[in-house]
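Proteins get letters first, then strands, A, B, ... in listed order; numbering begins at 1 in each. As a basis for the values below, the full set of heavy atoms in this structure was taken, side chains included, without hydrogen atoms, waters or symmetry mates.
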2 protein chains.
Amino acid sequence: MAKRPTIIDVAKLAGVSKATVGRVINGQNDIVSEDTRSRVMHAVKQLGYERNAVAGSLRTDRTFMIALAIPDITNPFWPEVARGVQDAIEAQGYATVTVNTDWQPEREQKYLTMVRRNRFDGLIVNPIEASRTDLLNIHIPVVILGSGGYYPDMDSVGSDTAAGVDTALNHLLELGHRRIALITGRPSRNNRVRSRHDAYVAFHAKHNLQINQDLIIEKDFSEHSGYEAMHQLLHLDNPPTAVFAANDILAIGALKGAQALDWHVPEDVSIVGMDDIYAAATTSPSLTTIIKPKYETGVKAAEYLLARMSGDNIDQGRHILLPCELAVRGSTAPPRDI
Amino acid sequence: MAKRPTIIDVAKLAGVSKATVGRVINGQNDIVSEDTRSRVMHAVKQLGYERNAVAGSLRTDRTFMIALAIPDITNPFWPEVARGVQDAIEAQGYATVTVNTDWQPEREQKYLTMVRRNRFDGLIVNPIEASRTDLLNIHIPVVILGSGGYYPDMDSVGSDTAAGVDTALNHLLELGHRRIALITGRPSRNNRVRSRHDAYVAFHAKHNLQINQDLIIEKDFSEHSGYEAMHQLLHLDNPPTAVFAANDILAIGALKGAQALDWHVPEDVSIVGMDDIYAAATTSPSLTTIIKPKYETGVKAAEYLLARMSGDNIDQGRHILLPCELAVRGSTAPPRDI
DNA sequence: GCCATCAATGAGAACGTTCTCATTAAGAAC
DNA sequence: GTTCTTAATGAGAACGTTCTCATTGATGGC
């Protein structure tokens with residue numbers, strides 16, 4: 001590899017000091033004469049000089065790079081969140097290293113080490129098991145994706161899942177459903193707040209509805225789990241007339257499970273999902289779902305982080321839950337037995 | 001921010017030189033005595049020392065970071081490719097900065113500048129308009145995602161799209177279809193090789209089938225375009241009995257277009273897509289499609305890049321097209337008029 | 001005992017930028 | 001003419017690691 005020109009080469013060619021070259025390339029035009037500036041720019045162009053960000057980072061202790069740690073970029077929920085982060089971060093001259101924890105704590109720890117060693121300026125993370133102390137120990141700004149309950153010092157951006165569940169169940173209630181099942185996922189270690197489950201319970205209390213434990217199924221977040229859960233539900237003596245699934249992938253599995261048993265959706269059983277991934281609108285019938293503001297979540301998290309990296313030093317973390325929205329498509333209808 | 005311990009602090013505490021500390025933390029155990037090594041590691045632990053990768057990068061001119069430039073992480077095709085790259089790259093101690101060109105040349109150029117200034121060790125790119133010279137001028141290893149026709153010096157990894165089209169059309173031919181339409185996307189500037197279109201033409205020549213230009217529709221790659229194209233096709237005096245769409249998003253649009261006209265799929269018209277995105281398996285009927293090996297493409301590209309970054313200096317680029325596979329699902333059947 | 005070899009370690013320069021403090025020259029005020 | 005102020009620029013240290021060459025001490029061979 002040919003040696004690349006440095007500011008010393010530029011300084012020699014322009015007949016100025018390297019400090020002056022530095023002033024010119026960093027845009028400090030108020031303290032450099034036009035004549036000097038012109039000579040420097042001429043030399044820069046002639047030599048094809050390009051600033052070495054690594055050297056600058058060593059001197060300033062700022063890399064203009066951040067890490068985004070999400071469970072899995074191939075999970076349809078996350079690309080839009082990532083895109084929101086990337087867009088907002090890049091607009092301020094930063095770059096994003098995106099990593100996949102795969103819901104594994106060891107991987108999460110590995111990435112925290114990476115962040116420290118590379119002197120990244122910030123971290124946006126959907127935590128698996130990382131404790132508050134773990135995250136404070138990297139000594140850079142951290143923004144939490146999801147609810148920030150366990151991280152009071154840090155900013156967090158999540159969706160108002162509880163309100164979303166309420167909206168979904170209310171939609172079903174207004175259609176006339178009284179026997180509504182819940183297919184939900186297993187909470188991760190740090191998410192002991194089982195927000196979907198709790199919201200389901202609260203909804204039943206609010207509307208003086210009896211809870212039937214047979215109508216609550218907890219499995220991992222996969223399409224296959226949704227399929228199996230639906231089979232379980234539809235084989236009950238008294239099956240539900242509607243099902244709320246904790247995310248669209250579970251809901252798609254539930255839809256396939258119903259159809260495999262020749263149950264018609266929505267005539268025989270209604271289904272509501274959550275997330276609004278692309279596939280939710282392509283099923284037949286297309287899924288009624290709760291839209292989570294994925295891109296906006298990413299943008300907001302990035303904004304919080306950028307503010308922190310710019311010197312904002314608020315001790316108490318900011319916690320925001322972005323509102324969800326109901327998208328009524330083809331998977332819900334009044335129950336047959338009205 | 002508290003000052004972090006450096007190797008000078010460790011050296012002082014362990015009573016050795018900083019060169020010796022460097023030898024220990026870089027694992028050069030063969031030339032350091034066990035006693036010395038132990039003292040150093042003790043001091044490292046006591047001080048909580050962590051290597052500063054930025055300083056190392058400045059000295060060695062290696063960042064152990066690469067850039068991955070794709071059109072859009074939210075397009076369902078790309079997350080798996082990205083995941084393949086990330087997994088293979090990380091396994092060798094590198095980190096990946098993923099950027100979105102949005103099919104815009106100016107963004108692409110912006111990212112090339114970013115790569116140069118940050119002294120990244122390599123680049124994997126699905127090019128928009130970047131020329132061979134552009135890519136050679138960054139003076140680091142580059143691997144092309146897609147066919148590498150315009151970049152003979154660089155390694156490239158693509159899918160064997162032509163063979164995939166052939167397979168799709170053959171599947172339809174074997175079902176008895178003779179009037180097969182093609183919905184394809186507009187080629188980008190550097191992809192004048194219209195591989196899907198050319199493969200469609202070649203297939204017809206091979207089987208002595210007449211080409212009807214009315215059955216070839218070229219629009220941008222969106223679901224809406226697929227919907228409109230299907231409407232156009234089904235309104236012909238002599239509509240096709242089958243449609244091959246250039247990707248799954250087009251195919252999903254085509255499916256919705258047919259259903260909106262009360263055409264049954266696959267009874268009235270068969271549809272084949274390409275890519276095998278998640279949504280292709282969730283439509284009803286689920287889409288018969290050509291599976292592109294997305295994750296494997298990413299892994300292979302990363303392997304080529306890693307080899308280059310390790311010193312491989314082959315002048316002629318390696319070009320590989322990974323095989324595609326037919327996934328027969330519910331959107332294809334024999335034509336009605338047999 | 002002397003010399004050569006090798007293992008183990010140390011000293012200091014290098015990487016390329018940024019920043020701080022010093023210097024110089026020009027202009028204005030007295 | 002002298003003094004003060006300000007704009008413009010320069011010199012050199014700093015950032016934290018890696019690497020090269022030098023040094024030292026121990027051991028083995030003659």
(message) Taking any atom closer than 4.0 angstrom to a non-hydrogen atom of chain B, what span of DNA chain D does the protein reach, first nucleotide to last?
(response) D:dG16 to D:dT20

(request) Specify the residue among B:L58 and B:R37 whose closest nucleotide of DNA chain C lies further upstream toward the 5′ end. (result) B:R37

(request) Between A:Q28 and A:A55, name the one whose nearest nucleotide on DNA chain C is closer to the 5' end. (result)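 It is A:A55 whose nearest nucleotide is closer to the 5' end.
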
(message) Just the rounded figure in Å: distance from C1' of C:dT9 to CG of B:N26.
(response)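 The answer, rounded to whole Å, is 16 Å.
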
(message) Please determine whether a side-chain nitrogen of the Lys or Arg among A:E80 and A:R83 lies less than 4.0 Å from a carboxylate oxygen of the Asp or Glu.
(response)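 A salt bridge is absent here (no side-chain N lies under 4.0 Å from a carboxylate O).
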
(message) Check B:K3 with A:D61, please: is the shortest side-chain N to carboxylate O separation under 4.0 Å?
(response) no

Contact class for [X] (heavy atom, under 4.0 Å): base, sugar-phosphate, or nothing?
{"X": "B:R23", "value": "base"}
{"X": "A:V54", "value": "nothing"}
{"X": "B:D30", "value": "sugar-phosphate"}

(message) Could you work out, with side-chain contact (heavy atoms from CB on, under 4.5 Å) as the rule, every residue matching B:E303, not counting sequence neighbours?
(response)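 side-chain contact (heavy atoms from CB on, under 4.5 Å) check on B:E303 returns B:V299, B:K300.
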
(message) According to side-chain contact (heavy atoms from CB on, under 4.5 Å), who are the partners of A:T133, at least two apart in sequence or on a separate chain?
(response) A:S131, A:N137

(request) Test the B:R62-B:F64 pair against the cation-pi criterion, namely NZ or CZ under 6.0 angstrom from the six-membered ring centroid and within 45° of the ring axis. (result) yes

(request) Mark yes or no: A:R107 above the aromatic ring of A:Y111, with NZ or CZ under 6.0 Å from the six-membered ring centre and no more than 45 degrees from the axis. (result)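 Judged by the rule (NZ or CZ under 6.0 Å from the ring centre, within 45° of its axis), A:R107 is not positioned above A:Y111.
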
(request) Tell me which of A:A19 and A:N29 sits closer to the 5' end of DNA chain D, going by the nucleotide each one is nearest to. (result) A:N29

